[in-house]
Amino acid sequence: MRPFAVSLITGVNYFILFYYGLVNLVYTILLLVSMVVILRYIRRIRYSPFKDLVTSPETPPVSILVPAYNEERVIVRTVRSTLAVNYPFFEVIVVNDGSADATLETLVGTFHLRKVDRAYRNVLKTTPVRGFYYNPDVPNLLVVDKENSGKADSLNCGINVSRSPYFCTVDADSVLEENALIKLMTPTVESTVPVVACGGVIRVLNGVHLEDGAVRRIELPRSGIAMFQIVEYLRAFLFGRVGLDAMNGILILSGAFSLFRKASVVEAGGYRPKNVTEDMELITRLHRLAIERRTPYAIKFISDPVCWTEVPENLKMLGRQRRRWHLGLMQSIFQNRSALFNPRYGKFGWVVLPYYLIVELLSPVVEMFGYVAVILSCLLGMLSFEFMLLFLTLAIFYGIFLSTASIYLEEVTYRRYPRWSHLLRLLFYGVIENFGYRQINSFWRCQAFLKYLFGMRKWEYVEKGKNDMPPGGRQS
Amino acid sequence: MFADLEQILLAFIGFVLLVILTVLAATIYRRAAALRRYRVLDRNREQYGKRFRELIDEGKSFDEFSAFAFPSRSEKWHAVEHVLSGLLEDRKYESAGVSLFDQLGYRSYHERELGNRDAIAKSSAVEKLGRMRCEASAGKLVPLLDEQDAKFVSVTVRALSKIGTLEALEAILERLPELYSRSLVTKKSIERSLRNFGPAAVPDLVRHGEGYSDPVSRASVLEVLGILGAPEALPFAIRSLEHEDSEVRAKALKAVGAAGRDLPPGEKDRVLALLDDPVWFVRLQAAKALGTLRYEKAVPLLSKRLVDANWQVRNASATAVVRTSDDAIGIFLDTLGATDRYAKESVCEEIQKTDFVYRLIDDLGSPGGETYEKSREILRIMVYLGYGTPLREYLKSGADEGIRKELTLILQEGMAS
């Protein structure tokens with residue numbers, strides 16, 4: 001028995017070594033590609049036409065869809081920030097998803113809305129709509145009240161009501177920067193290939209000071225958990241997605257802030273309510289549909305337009321969020337497994353989906369497996385304790401390198417955190433997140449894996465930070 | 001073997017640690033350098049901005065400004081460039097800003113950059129020359145329209161439109177079909193740029209538009225003429241109403257609608273004919289144009305379009321009917337009485353959206369006449385179809401007691417139907 005166990009563990013150890021090398025090689029390539037792409041983008045911004053688009057009648061109209069469930073605490077702030085965007089033709093459609101709190105009443109009271117009648121075309125099938133609320137003095141705001149059925153169904157309802165060729169999804173606890181939408185639309189207008197979806201950067205709202213729904217002063221949150229997430233978001237948005245975008249390989253655009261071409265989404269059948277991360281699943285389907293129909297298309301990610309969103313400040317809620325994200329990734333990949341390594345899907349089937357499967361989806365499982373295998377190897381005397389420590393040190397150091405490199409990237413590009421104390425705190429958290437935080441994250445993602453295997457695929461409700469203000473009130 | 005592996009791991013760890021320390025040092029250095037640079041830039045900008053405005057106000061000659069000709073790309077050079085760009089935004093200093101850009105050497109610097117092999121540096125130079133509105137540079141920019149990079153061509157078109165000379169316009173229009181056929185520029189970019197040339201561009205736009213056999217270019221030119229609202233373009237737009245391409249017909253309608261208020265009835269009839277066009281967006285533009293032209297003869301045909309298969313056409317037709325006809329009530333009533341439920345709902349929605357419903361409610365204040373009867377009947381049908389919210393809202397807050405009584409009755413009748 002013992003020789004078999006030794007051979008098995010030796011094999012596992014070699015596999016982990018190989019996997020670790022491969023994943024870090026991929027990350028390093030992504031980092032290098034992102035550095036080149038972002039620096040080029042920053043130089044290109046100087047002659048970007050977005051300022052011309054703000055005043056142009058040629059800029060396509062956009063519907064901003066805000067699905068809201070129990071958001072009475074923040075909904076007014078979010079609506080104000082969306083109404084304040086710098087864009088020539090847009091409407092804001094808030095879909096109240098049968099909230100149990102006073103979300104609807106807060107909106108009606110603050111914006112003096114009146115109940116009106118509107119024909120509702122159920123093009124993408126949704127649960128019944130209970131009413132429409134409108135005020136002619138705020139002509140680009142419409143509130144739709146419907147029966148509760150989840151975010152995906154609310155977004156489908158918003159698409160049915162929308163009358164613009166493009167729609168932008170914004171989470172009800174998010175705040176858009178003034179020029180975020182126009183910057184997101186610019187590549188769509190300028191591209192000679194149809195852009196079916198385009199996403200922007202999400203940053204952490206916790207700690208940021210707001211006034212009338214707009215970001216007034218950027219500060220860092222006191223919560224360590226929120227700080228870890230700032231570093232994480234920088235890493236994900238500034239190098240992960242930018243690198244993937246360079247090869248039209250984006251599979252994840254945050255539902256908190258993404259722009260879509262309505263015709264393409266309707267053609268694809270809209271959002272699927274059964275998926276826990278409906279945005280990721282939709283993007284995957286848009287890729288597949290365009291490839292199957294052999295129509296040229298692009299799904300873009302832009303590192304400049306910013307949407308600020310609240311993040312969880314306790315481990316319980318963060319765990320729920322991370323499990324949901326990983327579960328969603330699994331659903332999206334497994335539902336599209338027929339495209340994996342399928343020559344018909346070209347780069348999408350051979351590079352993009354395998355990347356998400358091997359690097360993003362399996363990494364937490366391999367990591368957890370690795371910890372067990374290395375400990376067993378030590379116990380069986382197959383590995384020296386010194387070797388194990390050295391390997392762990394290398395893994396942690398490489399994680400620190402990736403985190404600090406993304407902070408460097410932020411520093412040479414957007415520099416959103418203006419004070420010295422901000423920079424030093426970011427660097428500090430970039431280092432210490434590798435001692436515990438990353439491992440807990442991997443654990444949650446492993447839990448998601450097990451939940452998927454055992455068919456527990458329900459949406460877990462996440463309560464986020466406390467960057468709120470009383471309805472109609474002012475933050476600072 | 002472990003000893004060797006440990007050595008390799010140690011070497012890797014050492015290397016990664018070195019890289020981490022380098023990244024940390026680089027980050028901190030970048031922050032310090034950027035803070036210093038922006039502090040100097042802000043100070044210089046403030047100081048030069050004030051000084052430039054004073055000198056211009058005092059009418060000083062260029063010699064007085066020569067002290068501000070700094071070495072290219074230095075911090076002071078960038079500060080002056082920012083100040084001059086700011087002057088262009090202020091009408092009072094705009095012309096002085098344009099000539100100072102030239103005299104202080106910025107034009108020649110950016111023209112030299114046009115030869116740069118780096119596409120971004122080159123595009124940036126093109127954009128700067130456009131922003132400086134250097135007319136003398138137009139000739140240097142025109143050949144760049146023949147390049148193959150789509151992004152670069154877009155920037156050049158935009159820069160030329162900001163310079164705004166007829167030479168620049170001519171160059172763009174000459175190449176338009178080719179730019180479109182090679183997908184080197186999007187329609188939105190071209191149309192936005194052509195609009196920048198303003199009303200002076202109309203004769204050239206018409207001349208080239210007439211000459212294009214390519215429908216995409218012709219439609220683009222008509223779109224720009226529609227935005228400019230140019231009466232001189234009407235003959236060209238009217239001739240294009242019968243074009244075989246639907247996009248051209250739609251854009252021609254837009255141009256006619258924008259400037260054709262005083263057209264003779266015979267010409268307006270040609271717009272009318274397009275209300276029956278097989279393509280929905282042509283019908284939409286026809287309804288919109290007729291709403292702007294307020295052509296009474298169009299009302300019967302517009303009323304047919306109230307039940308068009310396309311919602312945008314229905315919406316535009318309802319708006320046109322309300323604007324054009326004194327007997328909009330009769331038209332809405334006929335439509336509500338003779339069509340299927342789906343179409344009736346659309347009409348009810350348009351009546352609410354155009355605020356026509358409030359006119360109907362007001363009509364209830366003068367009982368007895370034909371208008372009263374028709375308005376009452378429309379409101380009754382609306383309640384029956386589930387469009388009674390404005391009536392209920394009036395009951396809550398309306399002032400006229402007579403109207404409130406009438407509405408109560410209508411709501412009861414409508415619900416009982």
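Hydrogens, waters and symmetry mates play no part in the numbers below; they use all other heavy atoms, side chains included. Just so we're clear, the structure is a prediction, and the values are computed from it rather than from any experiment. A, B, ... follow the sequence lines: proteins, then strands. Residue 1 opens every chain.
A 6.0 Å sphere centred on CZ of Arg73(B) holds no more than 12 heavy atoms belonging to other residues, nucleotides or ligands. Remark: Tyr358(B) OH is packed, more than 12 non-hydrogen atoms of other residues, nucleotides or ligands lying under 6.0 Å away. Shown here is Lys288(B), whose NZ atom has no more than 12 heavy atoms of other residues, nucleotides or ligands within 6.0 Å. Remark: Phe435(A) CZ is packed, more than 12 non-hydrogen atoms of other residues, nucleotides or ligands lying under 6.0 Å away.
Scanning all heavy atoms of the two residues, the minimum distance from Ala121(B) to Arg43(A) falls at N-NH2, 3.8 Å.
Summarising the geometry, atom OG1 belonging to Thr393(A) is positioned 9.0 Å from atom CG belonging to Leu10(B); distances are rounded to the nearest 0.5 Å. Atom OG1 of Thr192(A) is separated from atom CG of Leu179(B) by 12.0 Å, given to the nearest 0.5 angstrom. In this structure, CZ in Arg40(A) is found 6.5 Å from CG in Asp118(B), a value given to the nearest 0.5 Å. Atoms CZ and CZ, on Phe397(A) and Phe12(B) in that order, are 15.0 Å from each other to the nearest 0.5 Å. The line from OH of Tyr398(A) to CD1 of Ile20(B) is 10.0 Å long, rounded to the nearest 0.5 Å.
Each of Ser193(B), Ser154(B), Ser124(B) has some count of heavy-atom pairs under 4.5 Å with chain A, and the biggest count is that of Ser124(B). Interface check for chain A: of the options Ala34(B), Ala26(B), Ser123(B), the most heavy-atom pairs under 4.5 Å are formed by Ser123(B). Most heavy-atom pairs under 4.5 Å with chain A, from the set Val23(B), Leu35(B), Val16(B), Ile13(B): that is Ile13(B). Most heavy-atom pairs under 4.5 Å with chain A: of the set Gln352(B), Arg158(B), Glu191(B), this distinction falls to Arg158(B). In terms of non-hydrogen atom pairs under 4.5 Å with chain B, the most contact-rich of Arg121(A), Lys115(A), Arg114(A) is Arg121(A).
Heavy atoms of Arg163(A) lying under 4.5 Å from chain B belong to its backbone as well as its side chain. In this structure, no portion of Tyr29(B) lies under 4.5 Å from any heavy atom of chain A. Both the backbone and the side chain of Phe391(A) come within contact range of chain B, each with at least one heavy atom under 4.5 Å from a heavy atom of that chain. Contact annotation for Ser191(A): only backbone heavy atoms (N, CA, C, O) come within less than 4.5 Å of a heavy atom of chain B. Using a 4.5 Å cut-off between heavy atoms, Lys162(B) touches chain A through its side chain atoms alone. With a 4.5 Å cut-off on non-hydrogen atoms, Ala32(B) touches chain A through its backbone and its side chain both. Contact of Arg392(B) with chain A is not made at all, since no heavy-atom distance falls under 4.5 Å.
Within the 4.5 Å cutoff, no side-chain heavy atoms of Asp117(A) are placed close to those of Met382(B). Residues Arg31(B) and Arg415(A) are in side-chain contact: their nearest non-hydrogen atoms beyond the backbone lie under 4.5 Å apart. Counting heavy atoms from C-beta outward, Thr404(A) and Thr27(B) have side chains that stay 4.5 Å or more apart. Proximity of Tyr408(A) to Leu24(B): side-chain heavy atoms (C-beta onward) are nowhere separated by under 4.5 Å. Considering only heavy atoms from C-beta on, Leu427(A) comes within 4.5 Å of Ile28(B) through its side chain.
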